[in-house]
Amino acid sequence: TISSFHGTTHASNLDIKQSRGQFQLDVFYLLKIRSAFDDLASNLESIPAGRLRTILKSILNGFNLEVHSEAASNYIKTYDTHTASQIKIHARNCKEYAFSMVEFYDSVDRRHVLERNQLEFAKSALSAAVYELDLILKLIPSEDRNAADLLMLQFGHSSS
């Protein structure tokens, strides 16, 4: 892990390669969340609220936004503390928007698709979460982002 050699000047190349590979895997999961948010956005009008809530919770828990954004931030912190703290801020914002949607779905009739005004709220909260996630992804070095993109392609998804 990064913390195990943080502060030493003679970390082995293998340690650095492994942690960078892990970092790229964390970015891959952030890209998967982004892709899942897109899928959710395209189905907001046709899926009952209860199902939307279940999907959203499984995106947040299954791909674990918090763990992967924290890990990405910790990796970047080894060479850029400002960018690392920006990632943490955007991740917190993204999570808050996403959880406001979960709470919102708790407050509406779960058996029905969203009504027009409810749909507007759901769309704006989701696009705010996507916006914050995109800000995180923009802070990822392009080489690492590309490596994560290749993983997405291997598993049948692409973020581009």
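Arg110 CZ to Arg51 CZ: the interatomic distance, rounded to the nearest 0.5 Å, is 12.5 Å. For the atom pair Leu25 CG and Lys32 NZ, the distance stands at 10.5 Å (nearest 0.5 Å). Between the SG atom of Cys94 and the CZ atom of Arg34 there is a distance of 10.0 Å, given to the nearest 0.5 Å. Rounding to the nearest 0.5 Å gives a distance of 8.0 Å between CG of Leu139 and NE2 of His82. Atom-to-atom distance recorded for Met152:CE and Asn146:CG is 13.0 Å, nearest 0.5 angstrom. For the atom pair OG (Ser46) and CG (Leu52), the distance works out to 8.0 Å, reported to the nearest 0.5 Å.
Ile140 and Ile89 are not part of a single hydrophobic cluster, where members link through side-chain heavy atoms under 4.5 Å apart. Linking ILVMFWY residues whenever their side-chain heavy atoms come closer than 4.5 Å, directly or via other members, leaves Leu135 and Phe23 in distinct clusters. Using a 4.5 Å cut-off between side-chain heavy atoms of Ile, Leu, Val, Met, Phe, Trp and Tyr, with links allowed through other members, Met101 and Leu119 fall into the same hydrophobic cluster. Both Leu30 and Ile55 belong to a single network of hydrophobic side chains, linked directly or stepwise wherever heavy atoms of I, L, V, M, F, W or Y lie under 4.5 Å apart. In the hydrophobic cluster analysis, where Ile, Leu, Val, Met, Phe, Trp and Tyr join through side-chain heavy atoms closer than 4.5 angstrom, Val67 is grouped apart from Tyr75.
Ring to ring, Tyr97 and Tyr131 are not that close: their centroids are 6.0 angstrom or more apart.
Ring pair Tyr29/Phe63 is tilted by interplanar angle, where 30° to 60° counts as tilted.
For the pair Leu65 and Leu133, the minimum side-chain heavy-atom distance is below 4.5 Å. In this structure, Leu137 and Leu31 have side chains that are in contact, with non-hydrogen atoms separated by less than 4.5 Å. Proximity of Pro48 to Tyr105: side-chain heavy atoms (C-beta onward) are nowhere separated by under 4.5 Å.
No donor-acceptor pair closer than 3.5 Å links the side chain of Thr78 to the backbone N or O of Asn74. Checked by atom type and distance alone, the side chain of Thr83 never pairs as donor or acceptor with a backbone atom of Asp80 at under 3.5 Å.
Of the residues Asp26, Thr81, Ile87, the one that meets the side chain to side chain contact (heavy atoms under 4.5 Å, CB included) test with Ser73 is Ile87. The only option from Lys138, Glu132, Lys95 that meets the side-chain hydrogen bond (donor to acceptor under 3.5 Å, both in side chains) definition with His90 turns out to be Glu132.
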Exercise. Could you walk me through whether Leu56 and Phe37 pass the side chain to side chain contact (heavy atoms under 4.5 Å, CB included) check?
Worked result: CA-CA 8 Å; Leu56 188 59; Phe37 277 168; 3.9 Å; yes
For this session: Begin from the C-alpha positions of Glu45 and Lys123 and carry the test salt bridge (charged side-chain N to carboxylate O under 4.0 Å, His left out) through to its verdict.
Result: CA-CA 10 Å; Glu45 297 178 40; Lys123 280 181 180 173; 3.2 Å; yes
For this session: Evaluate salt bridge (charged side-chain N to carboxylate O under 4.0 Å, His left out) for Glu70 paired with Lys77, printing each intermediate quantity in order.
Result: CA-CA 10 Å; Glu70 180 77 22; Lys77 196 187 333 183; 5.9 Å; no
For this session: Take His112 and Gln118 through the test side chain to side chain contact (heavy atoms under 4.5 Å, CB included) and record every step on the way to the result.
Result: CA-CA 11 Å; His112 300 295; Gln118 295 170 334; over 6 Å; no
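Here the closest non-hydrogen pair linking Ala98 and Ala129 is N-CB, 4.3 Å. Taking every heavy atom of both residues into account, Ala84 and Ile76 meet most closely at N-CG2, 3.9 Å.
Within 6.0 Å of the CD atom in Glu120, the count of heavy atoms belonging to other residues, nucleotides or ligands exceeds 12.
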